[in-house]
Amino acid sequence: MLNFKRYQKNPVDRYVERTWPDKEISKAPVWCSVDLRDGNQALIDPMVVSEKIEMFQYLVKLGFKEIEVGFPAASQIEYDFLRQLIERKLIPDDVKVQVLTQCREELIDRTFESIQGCKQAIVHIYNSTSSLQRDVVFHMDKEQIKEIAVKGTKMVKERAAKFDGKIILEYSPESFTGTELDYALEVCTAVQEVWGPTKEDPIIINLPSTVEMTTPNVFADRIEWMGNHFKDRETIVLSVHPHNDRGTGVATAELSLLAGADRIEGTLFGNGERTGNVDIVNIAYNMFSQGIDPELEMDNVNEIIEIYERCCKIPIHPRHPYAGKLVFTAFSGSHQDAINKGVKAMQERGSKIWQVPYLPIDPSDIGREYEPIVRINSQSGKGGVAFIMDTYFGFKLPKGMQREFADVIQTISEKQGEVSPDVIMEKFREEYLQKKEPIHFRKLKVDDFSGETNSEFDTKVSVTYTNKDKEKSFTAVGNGPLDAVQRGMMETFHIRIKILDYEEHALQSGSNSQAAAYIHMLDVESGKVTYGVGVSSNITRASVRAIFSALNRLELGTEE
């Protein structure tokens, strides 16, 4: 049994004045990518300079205007990387690079050395303020911890005054989730007062869930409380930096936006220490799915995946929201049927608004393809097989036929697992289109003599076929070609059949289009029913082929 008694609940701040539950996200936050710092430091094989440059340039392409590039005072490779960005003029004028440093003079000096020549930079200082770290790591009281933050701010301010460029200060009370609210406010306010921000030149106060310790609603309460108690709130950009220890980083970030956060720090797919940082791709696509512009260029998720996996050497999970290989795939039969009907309904209605069951967004909007939406295995039903036949191959199976053919495919899937579209189509040919034994349709001649005689029939057909490789023919009359062929078959083969239903459609547009015909046939003697399918550029010929297909499936074609 789990020894749960070793653990205790983390304190919960009660904020009854909260207003965030009644709010909605209506716009994108300021995004700050920390892929090159927080994300990179958590890689088993960290990026080399060339990979970091490639990732930086791609983040710029995606539309990030703030990018934390590293801890240049603590790592030579990160120092060299930043110098290359500056010296090679790879930083666009509208992009701010962010550099992290502890509140120590030699590190701050080295940090300012690394950003020389940069037009604008965010200097991000931090120190841990949590009660646990004050006790077991630093052995300092509250005043001593606050003094670290104040001294760090003063050192940055002194150097910023001499810097040939714009410096924006970011301060993070690290381990904010484990820090008493009133004390966190006290430290942040002390930093704010030393820095002296204005509405035009604000300070970034970044409140990280360095370790997720409670549910997202509690974090949102803390964010709203801080925002409501800051002095001169308009001079502060309120930022959050959620981690994912409890698996709720995205929820924490989204609720923080409701609670007043202006800015989110995270990584593309959530890479970071332990269970990772918040996943910016996930949040951005969540906004997109609600009709909100995420203000990031994310219309090609496959490209994002390719660059991320190559630079970070980490695969994307197949069930990752939006980006996973399987997230736009349905194995369940009921899901497949609903997707199929939803797509058809949109096409029929000419709807411009995406509304398809089980698919929150149109995969093609983010560079995904429709081909992998439905996958067929033993759990699939008629709707999935019908979707594959329609989407891949253009065959719109009649409703009754969907179950008949799905049973054929299920037999295969129970033996081998997932069945590919190509295998499904090959089985369709075998079962219907190429069902030419024992009788194989060869030629058809139709004569219309309506009004020429007193006969009750107006159509005469001459049908040539092979029966076990012997060429034969019959002539029959009826009310139209299909009726005549049916009557001729019954007389020739001494059988009783009935055509229950007939459907047809074009397989492709244009002058060279072919038609598909479906015949639902009953063997009156046995009560057995089945479908036959025929394809031809001539719809009458396609229909006759479908009759022969059905007859062979019923095993009724024998020697006269």
Side-chain angles (χ1 to χ4, degrees), residues 13 15 17-20 23 25-34 64-68 96-101 103 120-130 145-157 160-161 166-177 179-210 219-242 252-266 278 295:
D13 302 287
Y15 187 44
E17 294 86 0
R18 69 177 69 86
T19 62
W20 63 261
K23 296 181 179 178
I25 296 174
S26 59
K27 64 177 183 177
V30 175
W31 301 107
C32 178
S33 162
V34 294
F64 285 93
K65 301 303 180 184
E66 297 184 7
I67 302 172
E68 189 165 84
K96 304 180 184 75
V97 292
Q98 180 169 304
V99 286
L100 182 73
T101 180
C103 299
Q120 56 180 345
I122 300 170
V123 175
H124 182 187
I125 62 173
Y126 73 97
N127 67 309
S128 185
T129 57
S130 71
I145 291 293
K146 182 173 70 174
E147 186 59 22
I148 292 174
V150 168
K151 283 186 176 180
T153 304
K154 289 178 179 178
M155 286 187 282
V156 173
K157 188 172 184 177
K166 182 176 181 179
I167 296 296
I168 301 156
L169 179 69
E170 175 175 345
Y171 172 69
S172 292
E174 194 205 358
S175 301
F176 168 72
T177 44
T179 303
E180 306 89 335
L181 268 180
D182 56 351
Y183 179 61
L185 178 66
E186 180 182 336
V187 175
C188 291
T189 300
V191 169
Q192 179 187 10
E193 289 175 345
V194 170
W195 185 253
T198 64
K199 186 176 181 179
E200 293 70 29
D201 292 304
I203 186 175
I204 300 171
I205 298 293
N206 184 56
L207 303 176
S209 54
T210 308
F219 189 79
D221 279 352
R222 292 172 64 88
I223 295 302
E224 184 170 349
W225 187 94
M226 289 288 287
N228 287 341
H229 287 80
F230 276 133
K231 182 175 69 172
D232 300 326
R233 172 65 176 86
E234 70 278 4
T235 69
I236 294 173
V237 174
L238 180 50
S239 175
V240 292
H241 181 113
T252 295
E254 291 183 330
L255 296 191
S256 297
L257 293 179
L258 299 180
D262 307 305
R263 180 179 186 267
I264 292 177
E265 294 189 345
V278 73
E295 298 180 19

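Since we're looking at a predicted model, the values are computed, not measured.
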Q: Indicate the atoms forming the closest heavy-atom contact of Val191 with Thr153, along with that distance.
A: CG1-OG1, 3.3 Å
Q: Check Pro173 against Leu207 and note the closest heavy-atom contact, atom names and distance.
A: CG-CD2, 3.8 Å
Q: Show your working on side-chain contact (heavy atoms from CB on, under 4.5 Å) between Phe176 and Thr129 and close with a plain yes or no.
A: CA-CA 7 Å; Phe176 168 72; Thr129 57; 5.7 Å; no
Q: Can you see which heavy atom on Trp20 is nearest to which on Ala220, and at what distance?
A: CE2-CB, 3.6 Å
(Q) Quick check on Lys23: does its NZ atom have over 12 non-hydrogen neighbours (other residues, nucleotides or ligands) under 6.0 Å away? (A) yes
Q | Set of ring pair (Phe, Tyr, Trp, His ring centres under 6.0 Å) partners for His124, sequence neighbours left out | A | none
Q: Take Val187 and Tyr171, measure what side-chain contact (heavy atoms from CB on, under 4.5 Å) needs, and give me the verdict at the end.
A: CA-CA 10 Å; Val187 175; Tyr171 172 69; 3.2 Å; yes
**Q.** For the student: nearest non-hydrogen atoms of Pro202 and Ile168, plus distance
**A.** O-CG2, 4.0 Å
Q) Under 3.5 Å, is there a donor-acceptor pair between the side chain of Gln98 and the main chain of Cys32? A) no
Q. Are the side chain of Asp262 and the backbone of Val30 linked by a donor-acceptor contact shorter than 3.5 Å?
A. no
Q.
Test your reading of the model: is there a side-chain donor-acceptor pair from Glu265 to the backbone of Ser239, 3.5 Å cut-off?
A. no
Q: For the pair Thr210 (side chain) and Ser175 (backbone), establish whether a donor and an acceptor sit closer than 3.5 Å, ignoring hydrogens and angles.
A: yes
